Amino acid sequence: MNRELAGIELVKVEVPLRRPWSSAAGTLTTRESLLARVVFSTGEGWGECAALPWPTYSPEYTDGAMAVAERYAVPALLAGSVSSGSAVAPALGFLKGHNMLKAGLEMAFLDAELRAAGKPLAVHLARCSATGQPPAGSVPAGVSIGLKASTGELVDEVASFVDLGYRRVKLKILPGSEGEMVAAVRRRWPGLTIMVDANGAYAPGGPARAAEQLAPLGAHGVACVEQPLSAGDLLGHAHLARLTPLPICLDESLTSAAGVSLAIEVGACSVVNIKAGRLGGYLEAVKAHDICAAASVPAWCGGMVETGLGRAANVALASLSGFTLPGDISGSSRFFDCDVAGPVELSPDGTVAVPSGPGLGVEMDVAALGRFATARSWHPRLPTGLAASSGQRS
Ligand code: NPG
């Protein structure tokens, strides 16, 4: 059926978190996110840009993404009459960077396209993958624990998630306290999958010092050490990987499938965190996944404290066969009491079911959206010949 694009709505939301969550990028007490609604004659679709409120994890941030969306990305999509998820990245190729915005817009187009076709996102992504494998029906859940003031507080928080069924924890680490923290968690849960995430905190000392500082973790069987050095320091990570027996995983450094290939090639990592927002889209993430699968490099799906929209899309992505390690896949209630979409639910067996409904497979809670929206702008597709950049803000 011919699908006419009617317009795109941008909605900035601020969804309260159950508890503050801290990382090197800052402390979130609410999840400010930019959402996009694409409206077609056949129905609509929703997407989420994972950018944080501040440019502290990557250069993107919510208000910047909103500005780039209104001024450049949305007009380009409207002018190009884009009608499918796969047409979004080519239409936005002229924009440098802004990967999380691109991924959020692609998500909305995929959701609309797949809802109209009655097909779940997981099935679509599996068909786009070169592995030829069907998606899993459920994926192991994993929880990311924010920075804690003390080891006691950390162990109590890990206990609360292990009791709920989580099988893997990711602990945020900083130089100094990492050995004691990881040792305490390992002592209490000998069989738990533990990953640690440094978000670049070991950069100041360089690779040789990082290898020394991280050495105590070797005794505790961590599945990987994520992003010890800075995003741009691929060679530093390659150097570190030769100095330590710990598996090095990259996150912030990887912003394209080609970059994933390069990082593997130069030995900068032996584990890959695949985050669709950072890579510029779910279809680019499938390419990164295929590269890891072809090279037999363990991969896992990273999260960014997304609302139910991004969370559902991440579960679909994580259902691909090359995701061999549990990722940042948690139920909505890990972060939110009330969400704008979903919920994505943790099963008592420590897994999350892959949404089986069409598109993202989660429904928008319109009342919650109304409560949490802090800015909205509607951008209609104007008849050919008229400029398509006149958004109406409310
Ligand atoms: O479970 O959604 C989640 C959060 C996982 O720790 C997590 N993400 O550095 O990988 C990260 C971190 C992050 C969160 C990064 C928010 C950027 C924004």
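Everything numeric here is computed off the predicted structure, so don't read it as measured data. Whatever order the structure lists them in is the order used to number ligands and atoms, beginning at 1.
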Check residues 86-99 and write down every donor-acceptor pair under 3.5 Å in which the side-chain atom is one partner and the other belongs to a residue at least two apart or another chain.
residue	atom	partner	partner atom	Å
Ser86	OG	Ser84	OG	3.3
Asn99	ND2	Thr255	O	3.1
Asn99	ND2	Arg278	O	2.8

- Query: Got a salt bridge between Asp156 and Arg188, using NZ or NE/NH1/NH2 to carboxylate O under 4.0 Å?
  - Reply: no

- Item | Arg381 side chain to Ser81 side chain, donor-acceptor N/O pair below 3.5 angstrom | yes

- Could you name the protein residues that come within less than 4.0 Å of ligand 1, counting only heavy atoms, and order them by chain and residue number? Trp21, Leu52, Tyr57, Ser144, Lys170, Lys172, Asp197, Asn199, Asp251, Lys275, Gly303, Met304, Val305, Asp328, Phe335

- Task: Report yes or no: is the cationic atom of Arg168 (NZ for Lys, CZ for Arg) under 6.0 Å from the centre of the six-membered ring of Trp300, at an angle within 45° of the ring normal?
- Result: yes

- Any chance the side chains of Gln227 and Ser253 put a donor and an acceptor closer than 3.5 Å? yes

- Cut-off 3.5 Å, side chains only: do Glu14 and Thr374 have a donor facing an acceptor? no

